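None of these values were measured; they are calculated from a predicted model. The chain is numbered in sequence order, starting from 1.
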Amino acid sequence: QLQKVNLDRAILNRAFFREANLTQASLIDADLTQANLIDADLSGADLTGANLDKTFLLGANLTGANLTGVNLERAILTNAIMPNGKFYQS
């Protein structure tokens with residue numbers, strides 16, 4: 001279980017987190033380039049400033065996740081769940 005884990009600024013290129021439970025995890029400024037987050041639960045996670053370039057997020061749950069400043073260039077978000085996802089600073 002990776003619930004509430006702190007992975008701020010971690011370099012996680014090509015990491016395999018398929019079906020991982022990352023609820024309320026802190027991934028601020030993490031580099032998740034080409035990571036596999038298929039069907040992962042990232043609900044309530046803080047991904048502020050994270051690099052998700054080419055990341056596989058198929059079916060991922062991003063409910064209530066903080067996505068402020070996230071790089072989603074070329075990310076695959078097919079069937080991702082994102083109600084109440086935050087993409088900006090308030």
Side-chain angles (χ1 to χ4, degrees):
Q1 298 286 355
L2 296 170
Q3 296 168 274
K4 298 183 181 179
V5 68
N6 185 328
L7 294 170
D8 293 350
R9 292 172 289 290
I11 298 171
L12 300 165
N13 303 67
R14 299 180 188 224
F16 189 83
F17 289 117
R18 186 177 188 135
E19 298 180 10
N21 183 347
L22 290 158
T23 56
Q24 298 180 345
S26 185
L27 293 149
I28 297 169
D29 295 323
D31 186 353
L32 289 153
T33 303
Q34 295 183 332
N36 181 331
L37 291 162
I38 295 172
D39 294 323
D41 187 352
L42 291 149
S43 56
D46 190 349
L47 292 150
T48 302
N51 185 2
L52 299 176
D53 183 31
K54 299 180 189 171
T55 299
F56 297 93
L57 291 156
L58 288 86
N61 182 355
L62 294 156
T63 303
N66 187 342
L67 302 166
T68 304
V70 170
N71 176 10
L72 288 167
E73 187 174 351
R74 298 176 285 198
I76 300 170
L77 294 156
T78 307
N79 295 325
I81 302 164
M82 292 192 286
N84 303 317
K86 179 180 172 185
F87 286 93
Y88 57 88
Q89 292 279 33
S90 58

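Counting only heavy atoms from C-beta outward, the side chains of L27 and L42 approach each other to under 4.5 Å. Proximity of L72 to L52: side-chain heavy atoms (C-beta onward) are separated by under 4.5 Å at one or more points.
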From CA spacing to verdict: side-chain contact (heavy atoms from CB on, under 4.5 Å), L7, L2 | CA-CA 10 Å; L7 294 170; L2 296 170; 5.6 Å; no

Derivation of the side-chain contact (heavy atoms from CB on, under 4.5 Å) call for L58 and N79 = CA-CA 6 Å; L58 288 86; N79 295 325; 6.0 Å; no

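Other residues, nucleotides and ligands place more than 12 heavy atoms under 6.0 Å from the CZ atom of F17. Around the CZ atom of R74, the shell of radius 6.0 Å holds more than 12 heavy atoms that belong to other residues, nucleotides or ligands.
Taken to the nearest 0.5 Å, the CG atom of L47 stands 10.0 Å off from the OG1 atom of T68. Separation of atoms CD (Q3) and OG1 (T23) is listed at 4.0 Å; rounding is to 0.5 Å. We find the CG-CG distance between D29 and D46 to be 9.5 Å, quoted to the nearest 0.5 Å. Distance check: N61 CG to N21 CG gives 10.0 Å after rounding to the nearest 0.5 Å. Atoms CD1 and NZ, on I76 and K54 in that order, are 10.5 Å from each other to the nearest 0.5 Å.
Connection of L22 to L67 is established within a shared hydrophobic cluster, with ILVMFWY side chains joined at heavy-atom distances below 4.5 Å, either directly or through further cluster members. No continuous path of hydrophobic side-chain contacts links L77 to F56 [ILVMFWY only; heavy atoms under 4.5 Å]. Residues V5 and L37 fall within the same hydrophobic cluster, defined by Ile, Leu, Val, Met, Phe, Trp and Tyr side chains chained together at heavy-atom separations under 4.5 Å.
Screening D31, N13, V70 for a side chain to side chain contact (heavy atoms under 4.5 Å, CB included) involving N51 leaves a single residue, D31.
Residues Q34 and T55 come closest through the heavy atom pair N-OG1, 3.7 Å.
Applying the side chain to side chain contact (heavy atoms under 4.5 Å, CB included) rule to D8 yields the partners N6, S26, I28; only residues at least two apart in sequence or on another chain are considered.
The hydrophobic cluster around I11 extends to none of the other residues, as no ILVMFWY side-chain heavy atom falls under 4.5 Å of it.
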